[in-house]
Amino acid sequence: QVQLVESGGGLVQPGGSLRLSCAASRSILNFSAMGWYRQAPGKQRELVAAITSGGSTNYGDSVKGRFTISRDNAKNTVYLQMNSLKPEDTAVYYCNARISVAPLALDSWGQGTQVTVSS
């Protein structure tokens with residue numbers, strides 16, 4: 001099974017920026033899509049951003065225009081650049097990798113990294 005390790009979380013002031021990294025234990029070219037999800041206390045886990053093997057991207061409405069997902073295939077790493085951070089962005093952020101074999105899908109998850117936006 002693939003291992004996903006997130007890093008880059010921490011405390012940042014409102015309006016600041018942070019870049020999260022997700023390092024995979026094998027080539028990310030094998031995945032149909034990779035993405036970032038987040039979960040705040042008392043809330044459901046929600047999609048933040050995703051990128052397909054073809055390079056197309058999807059973003060949650062609350063982060064459009066502020067967050068950018070990207071990948072470095074040579075480093076087996078997916079990134080999430082977060083700009084103009086708001087207190088409501090505070091959550092645990094999880095990396096996801098998906099292999100799709102219709103009609104089935106297999107998801108792998110990282111352990112999560114805490115992002116706290118506060119002054």
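Fair warning: this is a prediction, and the values are worked out from it, not measured in the lab. Count residues from 1 along the sequence.
No chain of hydrophobic side-chain contacts below 4.5 Å, direct or via other Ile, Leu, Val, Met, Phe, Trp or Tyr residues, connects Leu85 to Leu11. Transitive grouping of hydrophobic side chains (ILVMFWY, heavy atoms separated by less than 4.5 Å) brings Tyr59 and Val115 into a common cluster. In the hydrophobic clustering of ILVMFWY residues, with side-chain heavy atoms under 4.5 Å counting as a link, Leu4 and Tyr79 come out apart. Val78 and Leu47 are members of different hydrophobic clusters when ILVMFWY side chains are connected at heavy-atom separations under 4.5 Å. Put simply, Ile28 and Val101 are part of the same group of oily side chains (I, L, V, M, F, W, Y) that touch within less than 4.5 Å, one to the next.
With contacts defined as side-chain heavy-atom distances shorter than 4.5 Å, the pair Met82/Val48 does not qualify. Counting heavy atoms from C-beta on, the side chains of Gln81 and Ser70 never come closer than 4.5 Å. Contact annotation: the side chain of Val63 approaches that of Arg38 to within less than 4.5 Å [non-hydrogen atoms, C-beta and beyond].
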Evaluate the criterion salt bridge (charged side-chain N to carboxylate O under 4.0 Å, His left out) for residue pair Asp61 and Lys64; output intermediate values, then yes/no.
-> CA-CA 5 Å; Asp61 289 340; Lys64 287 181 179 178; 3.2 Å; yes

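Glu46 CD: more than 12 foreign heavy atoms inside a 6.0 Å radius.
Under the 3.5 Å distance criterion, the side-chain polar atoms of Thr77 are left unmatched by any main-chain donor or acceptor of Ala23. Under the 3.5 Å distance criterion, the side-chain polar atoms of Ser32 are matched with a main-chain donor or acceptor of Ser100. The closest donor-acceptor contact from the side chain of Glu6 to the backbone of Gly112 lies under 3.5 Å. Side-chain atoms of Arg71 do not come within 3.5 Å of backbone N or O of Leu29 as any donor-acceptor pair.
Leu20 contributes atom CG, which lies 4.5 Å from atom CH2 of Trp36 (distance to the nearest 0.5 angstrom). Summarising the geometry, atom CG belonging to Asp89 is positioned 11.0 Å from atom OG1 belonging to Thr116; distances are rounded to the nearest 0.5 Å. Going from atom OG1 of Thr113 over to atom CD of Gln111 covers 7.0 Å, rounded to the nearest 0.5 Å. One finds the OG atom of Ser108 at 10.5 Å from the CZ atom of Arg98 (value rounded to the nearest 0.5 Å). One finds the OG1 atom of Thr57 at 8.0 Å from the CD1 atom of Ile69 (value rounded to the nearest 0.5 Å).
Across every non-hydrogen atom of Lys86 and Val117, the tightest pair is O-CB, 3.2 Å. What you find for Ser84 and Ser17 is that their closest heavy atoms are N-OG, 4.4 Å. Residues Pro14 and Ser118 come closest through the heavy atom pair CD-C, 3.6 Å.
By the 30° and 60° cut-offs, the orientation of the rings of Trp109 relative to Tyr94 is perpendicular.
Cation-pi geometry between Arg45 and Tyr37 is not satisfied (NZ or CZ under 6.0 Å from the ring centre, within 45° of the ring normal).
The only member of Asn76, Val2, Val5 that meets side-chain contact (heavy atoms from CB on, under 4.5 Å) when paired with Ser25 is Val2.
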